[in-house]
Amino acid sequence: MPETHPHKSAANTKSSTARRFTLRPPGETPKPTIRKNSRAAAVQTMSENYLVVTDHETLHLACDQLRQAEAIGADCETTELDPHDGDLRLLQLSVPNQTFIFDFHKLPPNPDTYRPVKLLLEDTRRKVISHNSKFEQKWLKHKLGIELQTIFDTQLAGTLIDYSVSHNLENTAKKYLNLTLDKSLQTSNWQGELSEEQLQYAARDAQVLIPLREAMIPHLVQNGLVRVAQLEFEAVAVLADIELNGIFIDREMWASHLALVLHQHEIISRELQQILAAGARQTTLFGETDINLNSHPQILSALKQMGVPLESATRENVLLPLKDEYPVVAKLLDYRGVEKNVSGYGQNWLDSIKISTDRVHPDFTQIGAPTGRTSCSNPNVQQVPTTKEYRQCFRAPAGRSLVITDYSQIELRILAQLSQDPGLLHAFRSGADLHRMTASHVFNVPPDQVAKEQRDFAKRLNFGVVYGIGAQRLSNMTGTPLEEAEATLTKYFATYRQLDEHLRAAAQDAVNNRSCRTMSGRLVRYNFDPSDRQAVSSVRRQGRNAPIQGTGADIFKRSLRLVYDALRGTSAQIVNIIHDEIVVECGQDDAQAISEIVSAKMTEAATEYITDVPMLAEPAICKEWVKG
DNA sequence: GTGAAGGGCCAC
DNA sequence: AAACGTGGCCCTTCAC
């Protein structure tokens with residue numbers, strides 16, 4: 001946890017052992033890459049004071065000295081971005097008066113050599129500061145078996161304080177220390193003999209971290225972000241682990257489904273081209289050549305010429321009502337479906353499988369949304385279609401199982417907690433079916449006589465409310481007239497009056513405060529022009545939604561850490577996370593026990609925030625990523 | 001050639 | 001701009 005009163009480091013006074021080090025004479029130090037200003041001067045002086053560690057004895061001495069500090073700045077230089085692909089070249093560890101650069105190309109490869117480093121960095125009494133700590137954690141864990149325990153991540157801290165700007169080390173040092181860093185050597189060659197400039201650069205990136213943390217702590221404290229910072233810091237190790245683990249994909253299964261889709265794509269493309277050519281060839285601007293089926297302007301103009309009543313959009317929901325009357329529209333929808341599969345879920349996924357692990361290793365952005373949700377890319381394993389053909393390709397390797405656990409209706413339960421609406425509270429406490437109950441009220445029928453369509457309608461209504469749905473959208477969504485949609489919403493909020501009041505207040509607070517908070521204290525800011533009505537209503541909707549979505553993210557991140565800790569030493573590893581779902585892979589004989597641990601820990605995390613509604617995490621043991 | 005912008009659509 | 005929130009990825013178009 002970032003301390004409110006950072007105390008002076010014990011390492012401010014040089015230990016006697018330090019004298020034995022041969023420090024580089026100042027004359028040999030290259031021109032500093034840091035420009036002068038008042039605060040830069042201190043860091044610049046320090047950056048001359050570094051020592052490259054290339055032997056076992058010096059390593060011990062370095063660790064002795066570093067041990068005296070309460071916080072250590074840590075940074076890595078590597079030959080690749082992914083630990084599976086390259087070498088950890090340097091580890092720079094910095095305390096206020098000294099920086100050590102461990103050169104792993106020169107140090108003996110014996111793992112025992114690094115034991116003092118492991119003891120040093122895994123000691124929970126000492127905070128390890130880094131910028132984008134996930135990177136350091138992945139490399140240290142994969143290459144040296146070191147797991148950082150107590151961290152301060154200056155990038156995450158910066159993001160919590162202000163989501164709206166990017167937080168690379170350069171920006172962050174400028175903002176908090178008014179320090180201008182030159183990052184041009186970041187992508188230099190860290191393979192061979194390193195220049196003085198490179199070593200200087202490496203040392204400086206670690207040295208800046210301690211003053212940076214001290215400059216950030218008051219901002220965290222003043223903004224009430226200490227709890228959420230701790231929450232985020234504790235989740236880093238989990239995301240690092242998930243990225244390292246990767247998730248197994250059955251290549252052959254994926255490829256065989258892809259072959260099928262490619263075949264369909266070919267057929268449907270030809271059919272669509274034929275329909276279009278017959279109906280619109282004479283009048284298209286594109287002469288005899290085929291229309292590019294992926295070009296919206298070309299498709300739009302062709303459809304218009306064929307008499308399809310369209311404005312400017314050709315989205316699915318616009319086309320859907322037209323598909324029965326116009327075969328070309330139906331064919332286009334078919335085409336869009338296969339095209340999406342080919343372009344989004346085809347060869348690109350096979351290409352992203354890492355040869356050395358047979359898995360995909362995505363990148364997670366820990367605070368990927370201002371609400372605190374994590375985002376994912378390269379590839380985005382949070383957007384795999386839920387259809388069986390795709391999900392079954394994500395399966396447990398031989399002898400292992402998947403334990404898939406997700407929260408049951410977490411956002412609606414959070415909404416019940418936040419609003420304290422008696423109807424919602426009662427529904428969840430009694431274990432009643434909320435959607436059925438809502439339908440019962442909205443349609444004025446006894447709960448046991450609610451029809452399936454009515455329940456489905458109520459379900460969409462309940463979820464729509466979380467997003468701040470309006471009558472217009474509800475009308476479009478459900479195909480009911482606007483007046484009826486308005487009446488439905490009126491009825492809905494008459495049923496859940498306290499919910500209505502809560503959401504109105506949340507919307508107004510977001511506008512008045514230009515911000516809102518989640519239950520961990522996470523701050524979501526809004527910058528908008530109060531005279532812009534559209535902007536104001538947008539902020540109102542965000543203000544209703546962000547505390548709900550964001551508290552979901554808080555709970556989920558807490559659960560990640562609890563689950564991760566509880567699974568340590570077992571056969572289980574987390575392989576994917578999707579906002580309210582954790583996918584764990586484990587030995588098949590352990591699956592039952594693991595599933596109980598995971599759901600217990602997820603429930604425990606939720607209960608730390610949600611006290612008035614039962615929180616359920618439902619596990620399933622599967623061979624494939626398909627629940628049930 | 002490169003990159004932003006817009007449309008569309010996948011997930012929760 | 002479907003006045004329902006949060007993302008990422010793919011494709012085309014268009015400006016530089």
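Per chain, numbering begins at 1; letters A, B, ... match sequence-line order.
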Atom pair distance, as rounded to whole Å: NZ in A/K557 and C1' in C/dT6:
12 Å
Does any donor-acceptor pair link the side chain of A/K340 with the base of B/dC10 at a separation under 3.5 Å?
no
Using the C1' atom on both, measure B/dC9 against C/dC4 and round to a whole Å.
16 Å
Would you mind telling me which of A/V342, A/N341, A/D334 makes a side chain to side chain contact (heavy atoms under 4.5 Å, CB included) with A/H265?
A/V342
Using ring pair (Phe, Tyr, Trp, His ring centres under 6.0 Å), reason through A/W254 and A/Y390 one step at a time and then give a plain yes or no.
CA-CA 7 Å; A/W254 188 277; A/Y390 291 101; 5.5 Å; yes
Counting just side-chain N and O atoms, does A/S377 come under 4.0 Å of either OP1 or OP2 of C/dG7?
no
Side chain of A/H296, heavy atoms from C-beta onward: which of C/dC4, B/dG7, B/dA11 has the nearest atom to it?
B/dG7
Nearest-nucleotide pick for A/M477, side chain only, options being B/dC12, B/dC9, C/dC4:
C/dC4
N or O in side chain of A/T365 less than 4.0 angstrom from C/dG7 OP1/OP2:
no
Which nucleotide in C/dA2, C/dC9, C/dC4 has an atom nearest any side-chain atom of A/Q383:
C/dC9
Give a yes-or-no answer on whether the side chains of A/T438 and A/Y496 include a donor-acceptor pair shorter than 3.5 Å.
yes
Looking only at B/dG8, C/dC4, C/dC10, the nucleotide nearest the A/S343 side chain is C/dC10
Compare the minimum distances between each of B/dA11, C/dC4, B/dC9 and the side chain of A/Y467, then state the nucleotide with the smallest one.
C/dC4
Whole angstrom is fine here: how far is it from CD1 in A/I410 over to C1' in C/dG5?
16 Å
Among B/dC9, C/dT12, B/dA11, which nucleotide sits nearest the side chain of A/N294?
C/dT12
How long is the line joining CD of A/E411 and P of B/dC12, in whole Å?
12 Å
Do A/H435 and A/N462 have side-chain atoms, one donor and one acceptor, less than 3.5 Å apart?
yes
Are the aromatic ring centres of A/Y467 and A/F463 under 6.0 angstrom apart?
no
Tell me which of A/S295 and A/S375 sits closer to the 5' end of DNA chain C, going by the nucleotide each one is nearest to.
A/S375
At under 4.0 Å between heavy atoms, what does A/R544 touch on the DNA or RNA strands: base, sugar-phosphate, or nothing?
nothing
Determine whether A/F248 and A/F394 satisfy the following criterion, ring pair (Phe, Tyr, Trp, His ring centres under 6.0 Å), listing intermediate values before the conclusion.
CA-CA 6 Å; A/F248 178 76; A/F394 296 79; 9.4 Å; no
Which is true for A/T374 with a 4.0 Å heavy-atom rule: it touches a base, it touches only sugar-phosphate, or it touches nothing?
nothing
Span that lies between the P atom of B/dA5 and that of C/dA1, in whole angstrom:
14 Å
When you compare the side chains of A/T371 and A/Q549, does any donor N or O come within less than 3.5 Å of an acceptor on the partner?
yes
Is the phosphate of C/dG8 approached by A/N378 (side-chain N or O, under 4.0 Å from OP1 or OP2)?
no
With a non-hydrogen cut-off below 4.0 angstrom, is A/N476 in contact with a base, only sugar-phosphate, or nothing?
base
Between C/dG5 atom C1' and A/L412 atom CG, what is the distance in whole Å?
13 Å
Can you confirm whether or not the ring centre of A/F556 sits under 6.0 Å from the ring centre of A/H579?
no
Nearest-nucleotide pick for A/A313, side chain only, options being C/dT6, B/dG8, C/dC4
B/dG8
Distance below 4.0 Å between A/N292 side-chain N/O and C/dT12 OP1 or OP2:
yes
Atom NZ of A/K459 to atom P of B/dC12: distance rounded to whole Å?
11 Å
Closest nucleotide among C/dA1, C/dT6, B/dC9 to the A/T371 side chain:
C/dT6
So A/V318, base contact, sugar-phosphate only, or nothing? Heavy-atom distance under 4.0 Å.
nothing
Counting heavy atoms from C-beta on, name the nucleotide in B/dC10, B/dC12, C/dG5 closest to the side chain of A/N545.
C/dG5
Do any side-chain nitrogens or oxygens of A/R315 fall under 4.0 Å of OP1 or OP2 in B/dG8?
yes
Here the distance between atom P of C/dT6 and atom CZ of A/R522, to the nearest Å, is 15 Å
Within the 4.0 Å heavy-atom criterion, would you say A/F463 contacts the bases, only the backbone, or no part of the nucleic acid?
nothing
How many Å lie between CD1 on A/I414 and P on C/dG5, as a whole number?
18 Å
Base, sugar-phosphate, or nothing: which does A/R391 touch, judged by heavy atoms less than 4.0 Å apart?
sugar-phosphate
Would one find a side-chain N or O of A/R373 under 4.0 angstrom from OP1 or OP2 of C/dG7?
no
Any side-chain N or O of A/Q542 under 4.0 Å from OP1/OP2 of C/dT6?
yes
Testing B/dC12, C/dC11, C/dG5 for proximity to the side chain of A/E339, the answer is C/dC11
Please state how far atom CZ in A/R473 lies from atom C1' in C/dA2, giving the value in whole angstrom units.
6 Å
